[in-house]
Amino acid sequence: MCGIVGIVGDKATARAVVDGLKRLEYRGYDSAGMVLASNVGFEVKRISQDTSSVALLDDWVNAKEVEKVSAAMGHTRWATHGRPSEINAHPHLDCSNQFAVVHNGIVENYKEIRERLLKLGHEFASDTDTEVIVHLVEERFRLNNDVHQAVSEAFEELEGSMAVVVLNLKEPDSLYMMRRMAPLVIGTDLDNLFVASDVPALLDSVTTYFSVPEDTLITGSVRRGKVVLEPVPEVLEVDWDISKVDVGGYSDFMSKEIDEQPRALRDTLAGRVDKVGVISLDELKISPEELKTVQKIVIVGCGTSLHAGMVARYALEHFVRVPVEIEVSSEFRYRDPVLSPTTLVVGVSQSGETLDTMMALSEARASGARTLVISNVVGSSMARMADAVLYTRAGPEISVASTKTFVAQIGALEILALYLADLKRTLFPSEVQELIAKLNDVPNALSEAISSISDYEKTTQTLLGYERFYFIGRNVGYPVALEGALKLKEITYTPSEGYPAGELKHGPIAMIDDKAVVVAIASKSALYEKLLANVEEVRARGAKVVIVANEAPVDSKLRGDEVFLVPRVHQLFSPMVDVVPLQVMAHYISVSRGLDPDRPRNLAKTVTVE
Ligand code: F6R
């Protein structure tokens, strides 16, 4: 969702801003804009051409004469208040053209502020909630003639979750930056100040990163070639490099990220267990003694992250012997859940910024529960608010459809399950060691699955003409079915659903005919035969059958079924390999239809609104 890039100093150019915005494209947007400011004036450009907006802004920059500016600030907008249009694109300016603002998130009390400001004579150019911010700053400045104080007072009035950057166009050597439950990161090199919604936008320029604390106005200025931050925020350790946000020799980020899965999982598992077999988490503000008392685990997340949590539930219940509830973050928060200090609420979030999950965690904390976050972004809002953090080390994920972070999340959650089992002694240390060894085998199995991508693509060719897809699985195969259906609908817009295989006969089987494909997740397990019986039921009703299996059923060829063969791993870890052909299938269908798998319509990578 909305992307922000701001630069003050010698490196403040239209080119640098547009390059930063390009690296935030994955967040999703429908319009884009920028402001360039120097001591002699400013220029604003806004474009609203859906996902071509950044490319068109790029063309505008290319056609422009390179000019020396002091500050440049750009934005990609994902419409919430006011349709996508040039006037609604950011930056927004006040009536006196003194301030420019870019914003990500929602100003919940914008209506009342707008009404008040209208009565005071302010004129609004857009339908956005954002515009009230800049008029509010103008209004405060009119009263106290102090920019810092004006911005600070304006921020105090705003309700909702948001990241905001204000530029004083009359003195373009400073940026005023604030965030509340929305991402924003500051960067510096020797003599330039940078701010952005996410680290990838800044990777080629910044030497030191800083995290913006919640609800704290940070003023960054560049004066006489020196960067000053006031108050000085905490340094953020970032170990991503520019190659990780470059598509390299791949046709798109999704295929690159599918390929990176063995590495993503290996890095996530690496270094978690010391020589004497003790497992460690990254940041633990709960004592192991307290964790031993955990009586119930609740996992919250959205989309793919929720599916990773669903996979882990089986391992947590089996290894740790505690009840595990799992719930969509946006529902959890409003259902008055029964929580206590012996409940551990685990938030799973690639970005660590998804508002629904963040609010669910804050609800959990308020009810006295302990919280733990699985996140891919070091220092993300959720990582900072939780009692404990376990980072996935998948590296930046650019494609909107999650792939490598799904696998890494499951890996991290399995580590958590083994950590708790060890702590609570529900497994013998030797059993924990054995399972860790099996978990450490999964990256190699993933590499084997990746080496079969061309086979998976060949199989997918036989499915191109079908109308509807149903994914079925039992036990850990069920969340894999949900994830397969989500990937397909996200990037191909094909109607697709995931079901527990046993549930088919209670309704969904009515949809089965010869225009339907049924993909069965059928890795060998105790429920294998039962699953094959469900496959019989759909085959008998004309569906095209595809089986994901670590051993091809003997009669599959005879029956005309297609098979995605995957390597065999421990059953509870099998989702990490079973998902690969489903990701490849969705990607192949997307590309065959001429779609861009990295940027599906209507979707944003980081969802910072409710
Ligand atoms: C699907 C996908 C989304 C995210 C969801 C949660 O491919 O990427 O469903 O999983 O929006 O995002 P995070 O994990 O950042 O909280």
Side-chain angles (χ1 to χ4, degrees), residues 1 24 26-28 78 104 161 181-183 197-200 252-254 257-258 261 264 268 299-312 326-333 345-362 372-383 385-386 389-392 394-410 412-413 471 479-480 482-493 496 498 579 582-587 590 596-610:
M1 259 165 203
L24 296 181
Y26 69 91
R27 295 172 63 81
W78 191 86
N104 164 27
S161 56
M181 290 195 163
S197 298
D198 202 354
V199 168
D252 49 66
F253 279 103
M254 185 172 177
E257 287 159 5
I258 289 175
Q261 293 186 104
T268 298
I299 303 179
V300 291
C302 310
T304 294
S305 297
L306 181 79
H307 299 157
M310 289 175 79
V311 169
I326 175 123
E327 186 144 6
V328 176
S329 306
S330 52
E331 287 298 317
F332 172 82
R333 164 178 188 209
V345 177
V346 180
V348 187
S349 175
Q350 181 280 126
S351 60
E353 306 288 348
T354 300
L355 192 67
D356 285 327
T357 306
M358 203 157 17
M359 297 310 279
L361 285 172
S362 106
L372 183 145
V373 160
I374 307 283
S375 171
N376 195 41
V377 180
V378 175
S380 58
S381 301
M382 278 183 227
M385 75 192 275
V389 186
L390 191 47
Y391 286 113
T392 48
E397 190 173 67
I398 304 297
S399 179
V400 166
S402 293
T403 51
K404 62 177 179 173
T405 54
F406 175 67
V407 163
Q409 284 168 340
I410 299 174
L413 284 159
F471 294 75
V480 177
L482 292 177
E483 178 60 8
L486 179 66
K487 284 291 90 87
L488 193 63
K489 72 180 85 152
E490 263 184 306
I491 61 169
T492 73
Y493 323 136
S496 40
V579 76
L582 308 186
Q583 297 166 339
V584 172
M585 177 175 112
H587 177 267
S590 173
D596 178 353
D598 287 343
R599 282 184 284 161
R601 68 184 182 204
N602 305 337
L603 293 179
K605 181 81 181 158
T606 307
V607 184
T608 49
V609 295
E610 263 190 271

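Order of appearance sets the numbers: ligands from 1, and atoms from 1 within every ligand.
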message = Test your reading of the model: is there a side-chain donor-acceptor pair from Asn376 to the backbone of Gly395, 3.5 Å cut-off?
response = yes

ask   = Rounded to the nearest 0.5 Å, how far does OG of Ser399 lie from CD1 of Ile491?
value = 7.0 Å

ask   = Who are the side chain to side chain contact (heavy atoms under 4.5 Å, CB included) partners of Ala360, not counting sequence neighbours?
value = Val300, Ser329, Phe332

Residues in the immediate environment of ligand 1 (any heavy atom closer than 4.0 angstrom) = Cys302, Gly303, Thr304, Ser305, Ser349, Gln350, Ser351, Thr354, Val400, Ala401, Ser402, Leu486, Lys487, Glu490

query = What distance do Lys487 atom NZ and Phe471 atom CZ have between them, rounded to the nearest 0.5 Å?
reply = 11.0 Å

key: Set of residues satisfying side chain to side chain contact (heavy atoms under 4.5 Å, CB included) with respect to Val378, sequence neighbours excluded   = Tyr391

ask   = Got a sec, which residues hit side chain to side chain contact (heavy atoms under 4.5 Å, CB included) with Ser305, two or more places apart in sequence or on another chain?
value = Val348, Gln409

